[in-house]
Amino acid sequence: MAVSMSFISPILASLIIFFVIWVGAASAGKTHIISFRSPNLYPEGLTWDPIDQHFIVGSLRQRTINSVSDAGVVDTLISDLSLPENVTFLGVTVDNHHRRLLAVVQAMEPLPPFSALAAYDLRSRKRLFLAPLHGDADLDSSLSRQIANDVTVDFSGNAYVTNAAANFIWKVNAKGEASIFSRSPVFTEYPVNRSSPYSFCGLNGIIYNSLGYLLVVQSNTGKMFKVDAEDGRARLVLLPRDLPWADGIAVRKDGTVVVVSQSKAWFLKSDDGWAQGAIFDETALEPEWFPTSVTIGGGERVYVIYGHLEEGVFGKGEREVFSIEEVTSGRESGEEKIWVYVLLGLGLAYFLFWRFQMKQLIKNMDKKTN
């Protein structure tokens, strides 16, 4: 009986090992695609709520913010009809420490100018404040309107909002008091091709790093800047090449920064606190679906929103189906596959070693029996 059990246990262990490796190998090459239905939503902003385990998306003209589950189930999270009609929810982010949702509210042309940051309690879903965002009457006199774009938040509840038109960053404290935080001259040092589409779009995606700084990308120059979260001083992050029409930005726990444009996602790393960075991979996106924002979801997976925003802005028709799709790095996926092969090799070695041991055991038992 002892011999039969010694046979069963290693066999069972080997089968479990091979099953786990097979499942890992099978799932390694699959990306997560979430299709969801919401008529004429045209979402630009995307974030992930780690507590409630769902995505949160904005809307072009509906004054609503929606949650989207992994299965594509849409639920109206916020409906704020007190806002001006047809305003857009652009950047959204979750202030997890205070269980608040922060959302950039922006009126697009030809609507009257309106820029603000709204804060909502994620428990009650009630609005906490609406902070108007203004420019400088003298410095911004040539602009027809401010364009509040993306938002990030620090551990104290201070929000930082990019101004794509005037190239500065607002700060909105936890009480909803707004001020111009960083108007660094470095934001306007680099040439812009004014004949290019969306050349008016300057500072765009922004993230907060727990070490006390912000990373922000500039769409019309392809530059990235590091901004001190205490005093607003900014400097250029040295990259091997520009990131043309950079839009959204997100950071994983391992320090990898992902930047998306309409046509690609870049994966970047830095070993000196973002004085300079390296682009270690890039992945093609679907430009016709107009990706805009990127977030880090469950399991540290990277996701982009395909909101078909351009189609909605220019009224090219009506649309019901949108998608949130995982974006992977081919280089990282290749490294994962190598580990799968290593595990397969170790599993096979274990199995062969076990067979050898069992053969020796049987021979010894046969000798004793004879």
Side-chain angles (χ1 to χ4, degrees), residues 47 91 93 97 149-164 166-172 179-193 201-283 292-296 300 302 304 327-332 335:
T47 192
T93 193
H97 288 81
N149 200 324
D150 198 16
V151 59
T152 190
V153 64
D154 64 22
F155 296 136
S156 299
N158 299 304
Y160 304 87
V161 182
T162 52
N163 186 326
N167 282 301
F168 65 72
I169 300 170
W170 286 286
K171 181 177 181 178
V172 182
S179 60
I180 295 177
F181 171 66
S182 178
R183 196 165 196 145
S184 172
V186 74
F187 295 150
T188 54
E189 277 186 13
Y190 302 94
V192 174
N193 181 0
C201 188
L203 295 184
N204 200 328
I206 187 169
I207 53 172
Y208 173 76
N209 187 288
S210 60
L211 295 179
Y213 59 84
L214 309 164
L215 290 178
V216 57
V217 291
Q218 191 170 49
S219 296
N220 53 13
T221 65
K223 304 297 184 183
M224 177 187 286
F225 303 100
K226 178 181 177 180
V227 183
D228 190 298
E230 288 294 326
D231 58 22
R233 287 183 299 176
R235 61 181 180 182
L236 179 71
V237 176
L238 299 178
L239 299 175
R241 58 185 182 277
D242 290 338
L243 310 174
W245 304 111
D247 195 333
I249 184 172
V251 61
R252 294 192 317 212
K253 289 180 181 178
D254 67 358
T256 298
V257 167
V258 185
V259 177
V260 297
S261 70
Q262 188 181 343
S263 60
K264 65 179 63 177
W266 293 275
F267 292 78
L268 303 93
K269 284 188 177 180
S270 175
D271 57 7
D272 63 359
W274 293 100
Q276 57 185 359
I279 303 170
F280 71 86
D281 205 0
E282 59 184 56
T283 300
T292 48
S293 297
V294 59
T295 193
I296 310 301
E300 289 298 284
V302 179
V304 298
V327 178
T328 59
S329 159
R331 181 172 176 179
E332 289 181 331
E335 292 172 354

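For the numbers below, each heavy atom of this structure counts, side chains included, while hydrogens, waters and symmetry mates do not. Because the structure is a prediction, the values reported are computed rather than measured. Index from 1, following the sequence.
Note: E189 CD to N167 CG = 12.0 Å, rounded to the nearest 0.5 Å. The CE atom of M224 sits 6.0 Å away from atom CG of L243, with the distance rounded to the nearest 0.5 Å. In this structure, R235 CZ and F225 CZ are separated by 13.0 Å, a value rounded to the nearest 0.5 Å. Note that CD1 of I180 and CH2 of W170 are 7.5 Å apart. Values are rounded to the nearest 0.5 Å. Distance check, rounded to the nearest 0.5 Å: OH of Y213 to OH of Y208 gives 10.0 Å. Separating the NZ atom in K223 from the CG atom in L238 is a distance of 9.0 Å, to the nearest 0.5 Å.
The shortest side-chain heavy-atom distance between F181 and V227 falls under the 4.5 Å cut-off. Side-chain contact between E332 and T328 is absent, with no heavy atoms from C-beta onward closer than 4.5 Å. Here the side chains of W245 and Q262 are not in contact, with every heavy-atom distance at 4.5 Å or above. Contact check for V216 versus T162: side-chain heavy atoms found under the 4.5 Å cut-off. A 4.5 Å side-chain heavy-atom check between L203 and N149 finds every atom pair outside the cut-off. Contact check for L215 versus V251: no side-chain heavy atoms found under the 4.5 Å cut-off.
With hydrogens and angles disregarded, a donor-acceptor distance shorter than 3.5 Å links the side chain of K226 to the backbone of G273.
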Intermediate values then yes/no, side-chain hydrogen bond (donor to acceptor under 3.5 Å, both in side chains), Y190 and N220: CA-CA 9 Å; Y190 302 94; N220 53 13; over 6 Å; no
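For the 3.5 Å distance criterion, the side chains of N158 and S156 fail to qualify, holding no donor opposite an acceptor. For the residue pair N204 and D150, no side-chain donor N or O sits within less than 3.5 Å of a side-chain acceptor on the partner.
The nearest pair of heavy atoms linking P240 to G277 is CD-O, 3.3 Å.
Applying the 6.0 Å contact sphere to CZ of R252 captures more than 12 heavy atoms from other residues, nucleotides or ligands. Shown here is E300, whose CD atom has more than 12 heavy atoms of other residues, nucleotides or ligands within 6.0 Å.
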